[in-house]
Amino acid sequence: MKSSGVLLASTDHLQMSCRGGTGRNYSLICAPIMGKSVDQMLIEIGKAKAGGADLVEVRLDYLNSFNPRQDLKILIKRSPLPTLFTYRPKWEGGQYEGDETQRLDALRLAMELGADYIDVELQVAHEFLSSISGRKPENFKVIVSSHNYQNTPSVEDISILVARIQATGADIVKIATTALDITDVARVFQITFHSQVPIIGLVMSERGLISRLLCPKFGGYLTFGTIEAGIVSAPGQPTLKDLLGIYNFRQLGPDTKVFGIIGNPVGHSKSPILYNKAFKAVGFNGIYVPLLIDDIGKFFDVYSSADFAGFSCTIPHKEDALKRCDEVDPVAKAIGAVNCIIRRPSDGKLIGYNTDYIGAITAIEDGLRGSHTTNNSSGSPLAGKLFVVVGAGGAGKALAYGAKEKGARVVIANRTLDRAKEIAELIGGQAISIAELENFHPENGMILANTTSIGMQPKVDLTPIPKRALSSYSLVFDAVYTPKMTRLLREAEESGAIIVSGLEMFIGQAYEQYERFTNLPAPKELFREIMAKY
Ligand code: NAP
Ligand code: DHK
């Protein structure tokens, strides 16, 4: 049942307001089953049941050999979950290359033997539905599907496609398109939200992920959840474990507020784990999703609804994010980078903040004071220290600004020297090239803070500075937190320096963001417990 809501949409932006929907989640989770044999399929179906799926899609086209009557009887009889049978032909992106009549006969047989659903392609739907007219079992449903592996059409064209599918007599409409940009998904949200018939609307590829995660919010009949990471029947499918264990899929509904991490890349971010587990623990009706974004301006133009309520921001959008905000906190303005954006409920304006600097500087001060608990001793241990920031991006600006604020003498080392010079002039520091780091030893007891992405997964063997140059530093911080122990931190520890992980910064910068997202106090101990497991 759809919430009462108004979807005011045009071709260029999605606005919707859900006025107090039922809050219940009617979207099902379907596990794709792609075993090469019936025995393997039964094992996978067992895993899907154990993983919390509501039903399974049995992809008959993946079977190496198939005896329809015998195999369908076994699969239907022994499945502990409702079954949806799909026999996808190659001409619609599947594996089957055989005789069409035999293919459709197998689907008709599945219906006769007690399948709960079958999926048939729009191209043959009219013929198929005519052939079973008057023979459909009462609770049996036919999904008529259309797949576009190239792009996502306009709202008008998708609407025409939905009407064509409805005209075949389908019980459930299924539209699967491909996202070339995250904004493509908004058009499918629009269609599913407005649909007056049961509809599955999914957008393939990593840029289409939110179509799968936000399915309960926009009225999708089901989403796919795989039994194992990487074993997918279409690009971009999340796992059952992530849908239920991270994204709290069963708790989502039409009035769930949406938050996310804006970045490119964004798959490495631990923010979805941190915020979703905290939301669940306190019963906050929100979901926090990865947002793989190419153009931040275009994203905000399209997702302008109040329901898209708050965002973290990482590489490479922190500086562009600042320009996109309607108002910017003075500290973020001084830094020149934003890593937290709130859509103000009163007027929908985007307000930018920077929580990176307080997260990092506090972690480094605690490191210097010898513990990672926050002390309240007056005066910063950074005062007077020579603080070398490697990197001149969003994080680099935050660290340089924060260190200066704490009375340190700041040096910025960067690959692009001009960017280092810009910051140096802004805060009154020194600029050097990253190549000069190796021989930069003006004094001992310096602080090093890496804010480049060097050493970040998957390139974990890289480091911004040779080990032999680390002996001049008493403390080394690495903003990179995937992995937690980077090569830089490992070699710094071996060189006798105090090391501070980017995970400390990550937790610290998340406190303020969480409070701005939820208007609730940050559960600091819970944050540490959550991140201790990842
Ligand atoms: P950004 O704005 O894109 O800046 C990236 C910086 O890294 C630039 O100075 C860039 O130099 C430098 N860089 C990138 N690749 C390089 C390479 N191969 N060789 C030399 N320099 C290179 O990114 P950001 O938002 O500041 O984030 C930077 C890193 O910090 C990321 O790994 C991010 O995950 C991490 N971070 C972590 C946290 C946390 O909570 N732990 C918070 C913020 C950032 P150029 O100027 O020459 O391009
Ligand atoms: C990393 C950063 O750069 C922070 O500034 C963001 C993000 C969080 C992450 O989730 O990896 O706030």
Side-chain angles (χ1 to χ4, degrees), residues 259-276 288-292 296 310-322 332 335-342 352-364 389-402 412-423 431-437 449-465 477-484 486 488-489 500-514 516-517 527 531 534:
F259 303 85
I261 171 76
I262 290 172
N264 186 356
V266 74
H268 67 285
S269 169
K270 303 297 184 201
S271 286
I273 292 169
L274 182 67
Y275 293 106
N276 283 311
Y288 186 105
V289 294
L291 298 166
L292 180 57
I296 194 169
F311 311 90
S312 307
C313 188
T314 188
I315 304 172
H317 295 308
K318 290 188 183 180
E319 290 148 317
D320 288 344
L322 184 147
I335 291 169
V338 155
N339 77 313
C340 175
I341 300 168
I342 300 297
Y353 300 89
N354 190 301
T355 70
D356 279 335
Y357 96 97
I358 198 68
I361 292 300
T362 304
I364 293 168
V389 178
V390 189
K397 287 179 177 175
L399 270 286
Y401 172 88
I412 299 103
N414 197 45
R415 173 178 58 182
T416 306
L417 185 56
D418 285 350
R419 288 184 77 184
K421 285 180 177 174
E422 276 172 34
I423 300 175
I432 63 174
S433 73
I434 199 168
E436 293 175 78
L437 264 182
N450 174 46
T451 69
T452 72
S453 43
I454 300 171
M456 184 166 85
Q457 285 170 348
K459 299 180 178 176
V460 297
D461 294 334
L462 300 182
T463 182
I465 180 173
F477 164 78
D478 198 341
V480 175
Y481 69 98
T482 53
K484 181 176 175 180
T486 58
L488 170 65
L489 290 180
V500 177
S501 154
L503 191 60
E504 293 300 325
M505 171 182 183
F506 175 71
I507 292 171
Q509 63 81 38
Y511 291 156
E512 184 181 330
Q513 293 208 56
Y514 178 90
R516 292 191 185 282
F517 291 160
F527 273 20
M531 294 317 298
Y534 287 87

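Everything numeric here is computed off the predicted structure, so don't read it as measured data. In each ligand, atom 1 is the first atom listed, and ligand 1 is the first ligand listed.
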> When you check the side-chain N and O atoms of Thr416 and Asp418, is any donor under 3.5 Å from an acceptor?
Replying inline: no
> Would you say Ile454 has any N or O atom under 3.5 Å from an N or O of ligand 1, going by distance alone?
Replying inline: no
> Would Ala392 count as a contact of ligand 1 if the rule is a heavy atom under 4.0 Å away?
Replying inline: yes
> Taking heavy atoms and a distance under 4.0 Å, where does Thr482 meet ligand 1: side chain, backbone, both or neither?
Replying inline: neither
> Looking only at side chains, do Glu436 and Ser433 share a donor and an acceptor under 3.5 Å apart?
Replying inline: yes
> Is ligand 1 under 4.0 Å from a heavy atom in the side chain of Phe506, in the backbone, in both, or in neither?
Replying inline: both
> Among Thr452, Ile423, Ile507, whose heavy atom sits nearest atom 12 (C) of ligand 1?
Replying inline: Thr452
>> Can you list every protein residue that has a heavy atom under 4.0 Å from any atom of ligand 2, sorted by chain and residue number?
In response: Ile261, Ser269, Ser271, Ser312, Cys313, Thr314, Lys318, Asn339, Asp356, Tyr481, Phe506, Gln509, Gln513
>> Counting only nitrogen or oxygen atoms and a 3.5 angstrom limit, does Pro316 reach ligand 1?
In response: no
>> Check this for me - ligand 1, Ala395, N or O atoms closer than 3.5 angstrom, yes or no?
In response: yes
> With sequence neighbours excluded, what pairs up with Ala510 under the side chain to side chain contact (heavy atoms under 4.5 Å, CB included) test?
Replying inline: Leu274, Tyr275, Phe527
>> Is the contact between Asp356 and ligand 1 made by the side chain, the backbone, both, or neither, using heavy atoms and a 4.0 Å cut-off?
In response: side chain
> What do we get for Asn414 next to ligand 1 when only non-hydrogen atoms under 4.0 Å count, side chain, backbone, both or neither?
Replying inline: side chain
> Who pairs with Arg516 by side-chain hydrogen bond (donor to acceptor under 3.5 Å, both in side chains), at least two apart in sequence or on another chain?
Replying inline: Tyr353, Glu512
>> Restricting to ring pair (Phe, Tyr, Trp, His ring centres under 6.0 Å), what partner residues turn up for Tyr401, sequence neighbours left out?
In response: Tyr357
